[in-house]
Amino acid sequence: MEAEAISRKDLRDGISRRGFMQIAGMAGVAVGVAGGIARAEGAIGYHAMDLSDEDLTQMLRTILRIRWHERTMADRMLSDPNYRAYNHFYAGQEAVATGVCAALRNEGPFDQIDLVYSTHRPTGHALAKGVDMGRMQAEFDFRATGINGGYAAEMHISDPSVGFIGADGMIGPGHVIATGSAFAFRARGSDQVSVVFGGDGTYATPHFHSALNNARLLDLPFIYVLENNLYHQYAHYSYSCPHTDIADAARAYGIPARVVDGQDVFQVYNAAKEAVDRARAGGGPTFIEAKTYRYYNHWGAPGADVGQLGAFGYDPLAITSFRPEREVRAWMQRDPVDIARDTLIDWGVLTAEGAEMLEAEVRSEVDTAFAWAAEQPLCTPEDGLRHVFVEGEVIPRQIA
Ligand SMILES: Cc1ncc(C[n+]2csc(CCOP(=O)(O)OP(=O)(O)O)c2C)c(N)n1
Ligand SMILES: [Mg+2]
């Protein structure tokens, strides 16, 4: 795997973030010193170390918000037989959505913010882009005050106000629509960027290839983030893709492509920042392949227990048997929460106590969001027919 050069080990072997800044300042240079750090800076040109302590801490907060939202939901699904919502859990992959969205413009008028097109596994992308957790949970709980009125469930959530164009139950078509947005940005002279997330399973769709080809031919401000979690549903990606690094497929279309460690939010951020800056400057598309892993089953929480992170089990008749337990455990040892937290402590951005307080704050926010959602009114059958046909007066522009 051709991962980015920078890693926590590089940092430990080199010098701490603050030490680096001091040395760089004294020597009057920004990069070019200190072994591993200099290598990474030179290779990438941007670095999370340029961010404020507040912005760095915000990334850990986002990872924790995704993680605890999911663990709370998984526990509910496992412990309450009357609980009807379900989820394609994102746990294990949190650093990917977080690192990418941290490099995007997420606030402002709709014609200025960057857009994110998501997948059937959308909650991490949604939270990282800025979707309100309470209203998203209300949506999952079929509440009328949910983010889409309670009838979008998980795979159709969207919130244009933060540029989250939405989840997509179909594998592939979203890529083509995302390139359409990128084309619109270019045609209008906007510096907005269109980002699509896709899994390793999308390689085998025509939309993957069509989107990349057109993005290159038209030099669109388009970023493809491929989350390679090794499996599509219950099959290893080698069953449908001849490449070890799917990034090689993007390179074949002439698109700059990077393979990053998807468990390390700062590596993901580095690659995303570089891609966003290139796209805004008119430099065209970028492909990022994040090597990552999902801890739960393809969907739902079979093989999981209340209070336990991840799904396990070898039952040959159970759907959880598609991957070895030791593989799940090996990936969980490179957990994105631990990597982000330990890196920030190494860099002197956070203390261990500060990190604990942050996690406690997040858990309380998640509890509040679930409690609020549970009190909201359920949507009605009539609500299901809203937004199917145009409501109110039809103006010519709508039917032209
Ligand atoms: C066009 C289409 N074909 C099949 C499916 C059924 N399906 C749902 S998720 C999935 C696998 C997706 O795998 P991947 O892209 O690797 O994403 P992951 O689930 O690993 O996040 C499939 C085949 C679908 N939703 N859409
Ligand atoms: Mg996959």
Side-chain angles (χ1 to χ4, degrees), residues 1 66-67 69-70 73-74 86-101 116-129 152-158 166-178 195-212 223-250 259-263 268 287-304 310-311 319-324 327-328 331-332 336:
M1 161 179 156
I66 302 169
R67 171 65 54 88
H69 172 265
E70 294 217 332
M73 195 161 175
Y86 77 81
N87 201 347
H88 292 81
F89 289 114
Y90 191 66
Q93 303 184 205
E94 295 93 337
V96 186
T98 303
V100 169
C101 292
V116 158
Y117 288 81
S118 178
T119 66
H120 57 288
R121 197 176 297 289
T123 52
H125 307 148
L127 289 174
K129 193 72 174 78
E154 177 210 15
M155 279 191 286
H156 301 100
I157 52 167
S158 66
D168 193 342
M170 297 300 288
I171 310 302
H175 308 1
V176 178
I177 303 169
V195 177
V196 70
F197 287 91
D200 44 283
T202 54
Y203 172 84
T205 68
H207 313 92
F208 174 95
H209 301 275
S210 168
L212 292 181
I223 301 172
Y224 192 115
V225 181
L226 188 130
E227 300 187 69
N228 188 346
N229 60 11
L230 306 187
Y231 295 90
H232 36 58
Q233 293 197 316
Y234 310 104
H236 193 266
Y237 76 101
S238 56
Y239 282 90
S240 65
C241 175
H243 306 288
T244 303
D245 290 337
I246 302 177
D248 286 344
V259 178
V260 296
D261 175 358
Q263 306 312 95
V268 176
F287 187 94
I288 299 170
E289 178 179 359
K291 305 284 195 188
T292 185
Y293 201 78
R294 59 178 148 78
Y295 294 164
Y296 290 94
N297 196 38
H298 169 63
W299 70 271
I319 215 142
T320 45
S321 64
F322 66 98
R323 57 189 188 179
E327 182 181 280
V328 184
W331 276 89
M332 287 176 76

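The structure presented is a predicted model; accordingly, all values stated were derived computationally and were not measured. The first residue in the sequence is number 1, and the count goes up from there. All ligand and atom numbering here is 1-based and tracks the order in the structure.
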Problem - N/O/S from N228 sitting under 2.8 Å away from the Mg ion (ligand 2) - result: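 Under 2.8 Å: N228 has no N, O or S contact with the Mg ion (ligand 2).
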Problem - Residue selection (non-hydrogen contact nearest atom 12 (C) of ligand 1) among H120, H88, H207 - result: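 Looking at heavy atoms only, H120 sits closest to atom 12 (C) of ligand 1.
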Practice task
Taking atom types as modelled, find out whether H69 and T123 have a side-chain donor-acceptor pair closer than 3.5 angstrom.
Solution key: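 Short answer, no.
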Practice task
Decide whether E227 and Y90 meet the rule of one side-chain donor and one side-chain acceptor closer than 3.5 Å.
Solution key: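 Side chains of E227 and Y90: pair found under 3.5 Å.
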Is the shortest N/O to N/O distance between [X] and ligand 1 below 3.5 Å?
X    : answer
Q93  : no
M170 : no
G198 : no

Problem - Validation row: D200, C241 side chains within 4.5 angstrom (heavy atoms) - result: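 Result no, sub-4.5 Å side-chain heavy-atom pair not found.
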Problem - Y231 atom O and N229 atom OD1 as seen from the Mg ion (ligand 2), angle to 10 degrees - result: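 Result: 90°, to 10°.
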Handout entry: Y231 and F322 aromatic centres sub-6.0 Å
Key =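 Centroid distance Y231-F322: below 6.0 Å, so yes.
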Practice task
May I ask you to identify, for R294, whether its side chain, its backbone, both or neither come under 4.0 Å of ligand 1 on a heavy-atom basis?
Solution key: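 Side chain only.
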Handout entry: From CZ (F197) to NZ (K129), nearest 0.5 Å
Key =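 F197 atom CZ to K129 atom NZ measures 9.5 Å (nearest 0.5 Å).
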Exercise for the section: Any atoms of ligand 1 less than 4.0 Å from a non-hydrogen atom of H232? List them with their elements. Expected result: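 Answer, ordered by atom number: 11 (C), 12 (C), 13 (O), 14 (P), 16 (O).
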Problem - Where ligand 1 meets H298 - atom numbers and elements under 4.0 angstrom, heavy-atom basis - result: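 With H298 as reference, the close atoms of ligand 1 come out as 9 (S), 19 (O).
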Exercise for the section: Identify, by name, the N, O or S atom of D200 lying closest to the Mg ion (ligand 2). Expected result: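 It is OD1, the N, O or S atom of D200 closest to the Mg ion (ligand 2).
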Exercise for the section: Classify the angle between the aromatic ring planes of Y224 and F208 as parallel (below 30°), tilted (30 to 60°) or perpendicular (above 60°). Expected result: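 Perpendicular.
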